[in-house]
Student: 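Structure provided below as structure tokens; questions to follow.
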Amino acid sequence: MSAAAADPAAATSRLGSASGDTAWKTIRRGLTYSPEVGEGIWLTLVLAVFATAGRIVVPIAIQQTVDRGLSHPAGPDLEFVRSMCLVAAAAVLATAAAAYLMNVRIFRASEAGLATLRIRAFRHVHDLSVLTQNTERRGSLVSRVTSDVDTLSQFVQWGGLLFVVSIGQLVAATAIMAVYSWQLTILVWACFLPLFLALRYFQRKVSAAYGVVRERVGAMLGAIAESVVGAQVVRAYAIEQRTQERIDAAIERQRLAASRAQKLVALSFSTGEVVSGLANAAVVVVGVLLGLAGELTVGRLLAFLFLVTLFVGPVQVGTEVLNEAQNAVAGWRRVLAVLDTPADVADPGPAGRTLPRGPIDVRFEQVSYAYPGGPTVLHDVEVEIRTRSRVAVVGETGSGKTTFAKLLTRLMDPVSGRVLLDGIDLREVRFDSLRERVVMVPQEGHLFDDTLAENVRYGRPSASDDDVRLALTELGLADWLAGLPAGLDTSVGQRGESLSAGERQLVALARAYLADPDLLVLDEATSAVDPATEVRLARALEGITRGRTAVTIAHRLSTAESADEVLVFDDGRLVERGSHADLVAAGGTYARLHAAWASRSE
Amino acid sequence: MPDDQVTLREGLRLLARAVRDEPGIFAIAIAGSAVYGITTALSATVIGRVTDEVIVPAFAQGRTTAAALAVAGLAIVGVSVLKALGMVVRRFYAGVMQYRLQARYRRAVTRRYLRLPLSWHHRHPTGELLSNANADVEASWYPIAPFPMAVGVLIMLVTAVVAMVLTDPALAAIGLLVFPAILGVNLLYQRRLAPLATHAQALRGELSGVAHESFDGALVVKALGREANEADRFAAVARRLRDANVGVGRVRSAFDPVLEALPGLGVLIVLLAGAARISAGSLDPGELVSVAYLLMVVAFPVRAIGWVLGELPRAVVGWRRVDRVLRASGALRHGDVVPSDGGQPADLAVRAVSYSYAHDRDVLHAVTLDVAPGRTVAVVGPTGSGKSTLAGLLVRLVDPRTGEVLLDGVDVRQLARGGVAGSAALAFQYAFVFDGTVRDNVTLGLPVTDDQVWTALRVAQADRFVAALPERLDAVVGERGATLSGGQRQRLALARAVVRGPRLLILDDATSAVDPQVEQRILAELRGVEPRPTVVVVAYRRATIALADEVVYIEHGRIAARGTHEELLATSAGYRNLLTAYERDAAERAALRTDEEELVADEVSQ
């Protein structure tokens with residue numbers, strides 16, 4: 001864990017980036033991960049044509065009423081108006097029905113597709129190597145399977161729908177306008193085209209402004225989180241005032257950014273209103289002149305006034321939707337980037353080998369490791385861990401002992417050399433077989449927000465409460481269990497925070513113990529536990545009678561004293577190996593480490 | 001439905017609170033909205049008048065005047081500009097109001113977080129508190145964005161109805177039928193949609209929770225090979241969310257087309273009735289156009305009322321959570337005694353202190369302990385025996401259920417705000433690192449020189465790794481900065497305690513993640529710290545214990561024994577058991593090995 005410590009470069013994301021893709025490419029690629037979206041798309045599109053074409057029914061009805069019903073030489077033709085209105089009403093209702101069917105189909109298809117995308121991306125995050133996972137902030141990974149997909153979903157539902165309808169409406173309105181008067185059609189377009197361009201300009205500014213808002217929301221949440229997550233420190237050091245000032249400043253910065261964005265939105269939205277006024281005025285003036293020239297009827301002119309209202313909405317909505325579409329595509333890219341990132345420590349899958357359970361034997365052959373772009377941190381390690389042996393791995397911080405543990409459990413793959421499990425390269429062993437046989441307990445073993453029993457059972461889902469209780473008893477933890485308020489049903493809280501650090505380690509150990517692997521690797525897994533409990537645990541975990549092999553990474557050298565063999569790492573090399581007594585006698589690195597440790601134990 | 005009524009009443013109260021909090025901004029937004037509402041209704045009248053007085057005569061007479069056209073054009077544009085101005089003012093100030101309210105209540109909520117005792121924090125999960133300050137505050141003031149518009153729309157509706165009645169009472173009757181229908185459908189829509197949308201929102205939260213927890217525990221998931229199970233867990237919620245979204249979609253799918261169709265149908269009815277009225281000679285074509293136009297332009301804004309009412313249930317739910325924080329009682333009270341600042345080591349006394357978390361049993365039972373000024377006391381005990389709880393009580397992280405903690409003879413509850421922190425510093429086992437520079441993290445705002453910071457870093461053995469960072473004291477650490485190992489975090493936190501020159505220093509297993517050699521150097525440095533503090537150190541390790549003048553052994557929340565290390569080894573079985581665990585283990589193993597060897601030797605010889 002400490003090998004990459006304090007290295008800002010280690011925080012650089014290793015997730016792939018699909019940002020080079022064009023929007024179209026992103027959409028095409030995205031759809032291949034969500035095949036449901038494309039199913040039956042043709043019927044949906046046909047319905048869309050009906051749903052939008054129906055919107056020009058009312059202006060046509062007005063034109064017909066005025067020109068043929070009211071302006072009839074023999075006085076108003078009420079019979080005509082009546083039948084025309086009935087037909088129009090039927091058309092309006094049919095349009096509504098088509099729109100309903102289209103909407104339902106779009107919702108069903110897109111939600112099904114996005115759920116599939118989400119689930120795939122989630123699974124892929126777990127398939128990424130620990131190293132890749134660690135280069136990304138947890139929150140960022142979470143947002144890729146939650147809010148990024150939500151943005152996409154909301155876009156499809158609100159924006160996408162509106163977009164389809166808006167475009168259809170524009171096309172239909174333009175078509176009928178062109179039939180009534182091509183001159184006025186050009187006039188209306190001449191008014192709205194600049195609006196469209198102006199709105200695009202505004203939208204770019206608006207989206208930049210919202211970018212600032214999002215950034216400041218992030219900073220604000222970070223500041224607020226300090227008052228909650230760091231509550232103990234805040235209280236212990238009485239820095240309430242300072243913390244509040246930091247929070248207030250972040251809140252204020254967020255508010256100002258949001259207000260600034262709001263100003264742009266308000267301005268850009270209202271320009272549409274002014275333009276539609278201009279268009280109406282122009283239609284009236286030019287329309288009257290055209291009418292006087294005999295090129296237009298009253299009804300057609302009046303219908304234009306209604307058709308102009310069909311224009312404002314789509315243009316306004318259209319630009320907002322285009323903007324949202326950019327966000328949605330950006331979100332989509334972020335999700336696809338997860339799927340594009342190769343699972344660098346991959347499960348060989350069905351092609352791999354399944355190894356039978358039983359005593360295990362591990363061999364490192366000329367194994368070297370370097371973090372990507374970094375120096376070699378482990379050099380040519382050549383070692384065999386024999387069946388049923390208890391091995392302690394020691395060394396100073398940064399000596400490579402944790403790297404060794406990660407290679408041993410295939411959390412990482414060596415840069416060169418091989419790690420062999422019962423003679424088989426680890427890379428050829430199927431994960432379900434590997435994880436059944438080899439389990440590592442990290443120093444900070446994450447607990448889930450559930451009961452104690454469920455957390456222990458995480459190691460072996462089929463275990464009953466009695467199995468869990470038995471495991472805890474075998475580990476010598478019966479007393480501790482009895483002292484818990486609700487026993488096995490005690491809730492451990494988020495990340496296990498209701499328990500002390502030492503207790504969390506007890507649960508993590510019990511979990512691995514219940515999983516009952518052939519090789520157990522403990523990476524400073526009992527660092528926060530008291531010595532008496534630690535010794536008890538160590539003995540139980542060794543499970544000599546079960547034929548289990550145990551590798552323990554520890555900075556308490558007591559572990560080394562009792563091990564069958566000690567592996568001593570220094571500066572990325574395996575420098576010594578042998579029993580405690582032999583190594584002390586040899587007077588090398590281990591003897592020095594041990595002397596330092598022993599002196600403070602006295 | 002009484003629940004709905006409760007929600008509606010609460011929702012209206014919430015809106016009233018918003019208006020009370022921001023009356024000026026609200027007034028401006030409403031003024032803008034009123035202009036918008038009136039001009040929207042007016043625009044239809046203008047179109048009608050233009051039709052009757054300019055368009056129809058021009059077509060009938062075959063001529064028109066430039067003046068008439070100019071007046072018509074200017075009237076239309078003028079009304080549009082006024083309407084646009086109203087929109088700008090309304091929309092901008094609605095946003096301003098919403099953001100001011102959000103900021104105001106975020107400040108209020110976080111102020112409570114900083115005042116409420118840690119025992120309250122313990123009872124509430126981190127995620128819940130974060131969402132109270134963020135999502136819940138946001139949800140509370142969501143209806144504020146469309147609120148001024150909704151008020152403007154009410155004004156618009158009144159104006160429209162008046163305009164219609166003035167134009168033609170018969171057609172106005174149709175309008176009076178259509179407007180309520182649109183409003184009614186809107187309300188029905190929001191009512192149907194709101195619970196479904198809330199449900200989907202809750203599922204989004206749940207999904208995010210599952211993803212967060214699962215990715216947080218990614219190492220464990222991998223180590224135990226549980227990826228498939230995690231994917232199943234996530235997929236189950238994702239599918240429920242999908243179904244919930246489709247449920248929302250179905251309601252939207254049905255209502256949107258209806259809301260689109262209603263004004264259209266209204267216009268057709270107006271045409272039908274209007275044609276009859278025109279043929280009877282009691283209506284002008286312009287008036288017909290005006291009423292029809294009104295129906296078209298008013299239909300959309302009416303939705304704003306639906307938006308406000310639709311958002312109210314969610315807002316009320318959010319507000320209830322916010323309000324719970326604002327009303328939470330039990331803020332830590334402070335006295336007014338200012339502790340002496342003589343630079344002398346503190347005199348610490350714990351008198352019959354008992355403590356319990358939440359509703360559980362006591363974790364400390366009547367603990368009594370004196371630490372004379374300048375002395376160092378080690379607190380030793382098995383995992384879960386209450387050591388950290390005791391450490392927290394000493395700096396008043398929490399208050400005892402019974403008993404008292406005295407600093408220089410004064411109950412810590414009598415000390416003025418900041419008084420305890422001014423005298424005592426606690427270094428935690430799990431060190432929290434703030435987003436900020438190394439310097440910020442050490443000083444936490446205390447006015448000290450960089451030299452003092454470096455001195456503290458040296459004592460904590462953190463000077464070397466900090467010096468190795470490119471920006472040294474200015475290097476950013478925490479979520480957004482360089483990642484620190486557990487041991488480095490601990491050392492930074494230790495420097496944080498040391499730099500304050502505390503008169504009482506409490507180390508709660510504060511070097512557990514540090515290498516033994518480094519730890520030894522830290523302990524050596526601590527011995528030389530000037531001014532010399534009174535020290536309480538929670539530890540298992542002998543080297544740490546060796547630093548102490550006296551050892552207190554805690555078992556099951558009670559002081560089981562106290563004395564020097566040697567005395568306790570002699571008198572306390574529990575202590576001896578804990579401290580000599582390694583040696584006994586080694587000895588037993590050695591014995592076992594000898595046995596085995598003999599056994600093997602026996603087998604060989606047979």
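So that the names make sense, note that chain A is the first sequence line, chain B the second, and so on, each numbered from 1.
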Student: Examine whether an atom of B/E260 lies under 4.5 Å from a heavy atom of chain A, and if so say whether it belongs to the side chain, the backbone or both; otherwise answer neither.
Tutor: side chain

Student: Distance check, rounded to the nearest 0.5 Å: A/T146 atom OG1 versus B/L207 atom CG?
Tutor: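 Output value for this atom pair is 6.5 Å.
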
Student: Under a 4.5 Å heavy-atom cutoff, which of B/L129, B/V221, B/N577 has the most pairs with chain A?
Tutor: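 Among the listed options, the one with the most contacts to chain A is B/V221.
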
Student: Measure distances from B/S214 to the heavy atoms of chain A and classify the residue's part below 4.5 Å as side chain, backbone, both or neither.
Tutor: both

Student: Where do A/A238 and B/A421 come nearest, in terms of heavy atoms and distance?
Tutor: CB-CB, 3.3 Å

Student: Given heavy-atom pairs under 4.5 angstrom as the criterion, report whether the side chain, backbone, both or neither of B/R239 touches chain A.
Tutor: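 Side chain only.
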
Student: Side chain from CB out, backbone as N, CA, C, O: work out which of these in B/I47 comes under 4.5 Å of a heavy atom of chain A, or both, or neither.
Tutor: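 Only the side chain of B/I47 comes within 4.5 Å of chain A.
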
Student: Non-hydrogen atoms of chain A under 4.5 Å away: do they reach the side chain of B/A72, the backbone, both or neither?
Tutor: side chain

Student: What residues form a side chain to side chain donor-acceptor pair (under 3.5 Å) with B/H121, not counting sequence neighbours?
Tutor: none

Student: Heavy-atom pairs under 4.5 Å with chain A are the metric here; pick the option from B/G274, B/A425, B/A292 that has the most.
Tutor: B/A292

Student: Considering only heavy atoms from C-beta outward, does the side chain of B/L219 approach that of A/H446 to under 4.5 Å?
Tutor: no

Student: Counting heavy-atom pairs under 4.5 Å to chain A, which of B/E227, B/K83, B/K222, B/R106 comes out on top?
Tutor: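 Of B/E227, B/K83, B/K222, B/R106, B/K222 has the most heavy-atom pairs under 4.5 Å with chain A.
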
Student: Walk me through whether B/S80 and A/L278 qualify under side-chain contact (heavy atoms from CB on, under 4.5 Å).
Tutor: CA-CA 8 Å; B/S80 280; A/L278 283 173; over 6 Å; no

Student: I'd like to know if A/D248 pairs up with B/R111 as an ion pair, taking the criterion as any Lys NZ or Arg NE/NH1/NH2 lying under 4.0 Å from an Asp or Glu carboxylate oxygen.
Tutor: yes

Student: With side-chain contact (heavy atoms from CB on, under 4.5 Å) as the criterion, how do B/E230 and A/R123 come out once you've worked through the C-alpha distance, each side chain's angles and the decisive distance to 0.1 Å?
Tutor: CA-CA 8 Å; B/E230 288 298 303; A/R123 174 61 210 244; over 6 Å; no

Student: Could you walk me through whether A/Q232 and B/L118 pass side-chain contact (heavy atoms from CB on, under 4.5 Å), step by step?
Tutor: CA-CA 7 Å; A/Q232 277 200 330; B/L118 277 182; 3.9 Å; yes

Student: So among B/L268, B/I278, B/L272, which one has a side-chain contact (heavy atoms from CB on, under 4.5 Å) with A/V81?
Tutor: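 When B/L268, B/I278, B/L272 are each tested with A/V81, the side-chain contact (heavy atoms from CB on, under 4.5 Å) holds only for B/L272.
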
Student: Under 4.5 Å heavy-atom distance to chain A, tell me which part of B/L288 shows up: side chain, backbone, both or neither.
Tutor: side chain

Student: Please classify the contact between B/S388 and chain A as side chain, backbone, both or neither, with a heavy-atom cut-off of under 4.5 Å.
Tutor: neither

Student: Can you sort out the partners of B/F432 under ring-ring contact (aromatic ring centres under 6.0 Å, His included), two or more places apart, ordered by chain and number?
Tutor: B/F434

Student: Can you label the angle between the A/F122 ring and the B/F215 ring as parallel, tilted or perpendicular, going by 30° and 60°?
Tutor: parallel

Student: Please classify the contact of B/R90 with chain A as side chain, backbone, both or neither, using a heavy-atom distance under 4.5 Å.
Tutor: neither

Student: Could you look at B/A475 and say if it's the side chain, the backbone, both or neither that has a heavy atom under 4.5 Å from chain A?
Tutor: neither

Student: Who wins among B/G95, B/A75, B/A94 for the most heavy-atom pairs under 4.5 Å with chain A?
Tutor: B/G95

Student: Do B/R91 and A/V265 pass the side-chain contact (heavy atoms from CB on, under 4.5 Å) test, and can you show the C-alpha distance, the side-chain angles, and the key distance before you say yes or no?
Tutor: CA-CA 8 Å; B/R91 233 185 136 139; A/V265 169; 3.5 Å; yes

Student: Tell me, side chain or backbone of B/R396 under 4.5 Å from chain A's heavy atoms, or both, or neither?
Tutor: backbone

Student: Can you tell me which portion of B/V267 sits under 4.5 Å from chain A's heavy atoms? Options are side chain, backbone, both or neither.
Tutor: side chain

Student: Before accepting this row, confirm whether a basic side-chain N of the pair A/E111/B/R242 lies closer than 4.0 Å to the acidic partner's carboxylate O.
Tutor: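 No salt bridge links A/E111 with B/R242.
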
Student: Against chain B, label A/L434 side chain, backbone, both or neither, depending on which of its atoms sit under 4.5 Å from a heavy atom there.
Tutor: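 Neither part, no heavy atoms under 4.5 Å.
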
Student: Quick one: what part of A/L78 sits under 4.5 Å from any heavy atom of chain B, side chain, backbone, both or neither?
Tutor: side chain

Student: Between the side chain of A/K263 and the main-chain N/O of B/F92, is any donor-acceptor distance below 3.5 Å?
Tutor: no

Student: For the side chain of A/R118 and the backbone of B/F234, is there at least one donor-acceptor N/O pair under 3.5 Å apart?
Tutor: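 No, because the side chain of A/R118 does not come within donor-acceptor range (under 3.5 Å) of the backbone of B/F234.
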
Student: Which atoms of B/F428 are under 4.5 Å from chain A, going by heavy atoms: the side chain, the backbone, both sets, or neither?
Tutor: side chain

Student: Counting only non-hydrogen atoms closer than 4.5 Å, does A/A515 touch chain B with its backbone (N, CA, C, O), its side chain (CB onward), both, or neither?
Tutor: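 It is the side chain, since no backbone atom gets that close.
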
Student: Report yes or no: is the cationic atom of B/R226 (NZ for Lys, CZ for Arg) closer than 6.0 Å to the six-membered ring centre of A/Y458, at no more than 45° off its axis?
Tutor: yes

Student: Side chain, backbone, both or neither: which part of A/S259 has an atom under 4.5 Å from a heavy atom of chain B?
Tutor: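 For A/S259, heavy atoms of backbone and side chain both lie under 4.5 Å from chain B.
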
Student: Pick whichever of B/L397, B/V77, B/V395 has the most heavy-atom pairs under 4.5 Å with chain A.
Tutor: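 Most heavy-atom pairs within the cutoff with chain A belong to B/L397.
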
